[in-house]
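For the single chain, residues carry numbers from 1 onward in sequence order. Only a predicted model underlies this, so the values are computations on that prediction, with no experimental measurement involved.
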Amino acid sequence: KKNTYDLLLLDIMLPDATGFDISKEVRKMDSSTPIIAFTSLPFNEIELQLSDAGIHEYMQKPNNAKKLNDVLTKYLRAVA
């Protein structure tokens, strides 16, 4: 809670909580840090949840290095 971060990478399917729940908690303390979510769920099943949780970007698993690099560059360039 005391630290600030440039970016948060978050898996949607976690053992004890969903990435949506965690993102909502983060948003209570920090409305601006970009949150990038990873999941194997189809976009059409989670589109509204992504927006409601304040998630900036969604990446389908498995992922490729170029797509990941593009997304990281997009958001980290904004804070550089």
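Legend: residues meeting salt bridge (Lys or Arg N to Asp or Glu O under 4.0 Å) with D30, ordered by chain and number and at least two apart, are absent. Residues that satisfy the ring-ring contact (aromatic ring centres under 6.0 Å, His included) test with F38, not counting sequence neighbours, are absent from this structure. Take K28 and apply the side-chain contact (heavy atoms from CB on, under 4.5 Å) test, not counting sequence neighbours, and it matches E25.
In the hydrophobic clustering of this structure, M59 does not group with L41; members are Ile, Leu, Val, Met, Phe, Trp, Tyr whose side-chain heavy atoms approach within less than 4.5 Å, directly or through other members. Residues Y5 and L76 do not share a hydrophobic cluster, defined by chaining ILVMFWY side chains whose heavy atoms lie under 4.5 Å apart.
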Please tabulate, for the side chains in residues 43-56, all donor-acceptor contacts under 3.5 angstrom to protein atoms that are two or more places apart in sequence or on a different chain.
| unit_1 | atom_1 | unit_2 | atom_2 | d |
| --- | --- | --- | --- | --- |
| H56 | ND1 | R27 | NH2 | 3.3 |
| H56 | ND1 | I35 | N | 3.2 |

Just distance, no hydrogens or angles: give the donor-acceptor pairs under 3.5 Å from side chains in residues 7-17, sequence neighbours left out.
| unit_1 | atom_1 | unit_2 | atom_2 | d |
| --- | --- | --- | --- | --- |
| D11 | OD1 | M13 | N | 3.0 |
| D11 | OD2 | K61 | NZ | 2.8 |

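Among residues at least two apart or in separate chains, there is no ring pair (Phe, Tyr, Trp, His ring centres under 6.0 Å) pair with a member in residues 17-37.
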- Query: Between K74 and E57, does a side chain to side chain contact (heavy atoms under 4.5 Å, CB included) hold up when you go through it step by step?
  - Reply: CA-CA 11 Å; K74 173 183 172 181; E57 190 93 27; 3.2 Å; yes

- Take V71 and I36 through the side chain to side chain contact (heavy atoms under 4.5 Å, CB included) test and state the conclusion after the steps. CA-CA 8 Å; V71 170; I36 313 302; 3.9 Å; yes

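Partner of K66 under the side-chain hydrogen bond (donor to acceptor under 3.5 Å, both in side chains) criterion, out of N69, N63, D70, N64: D70 alone.
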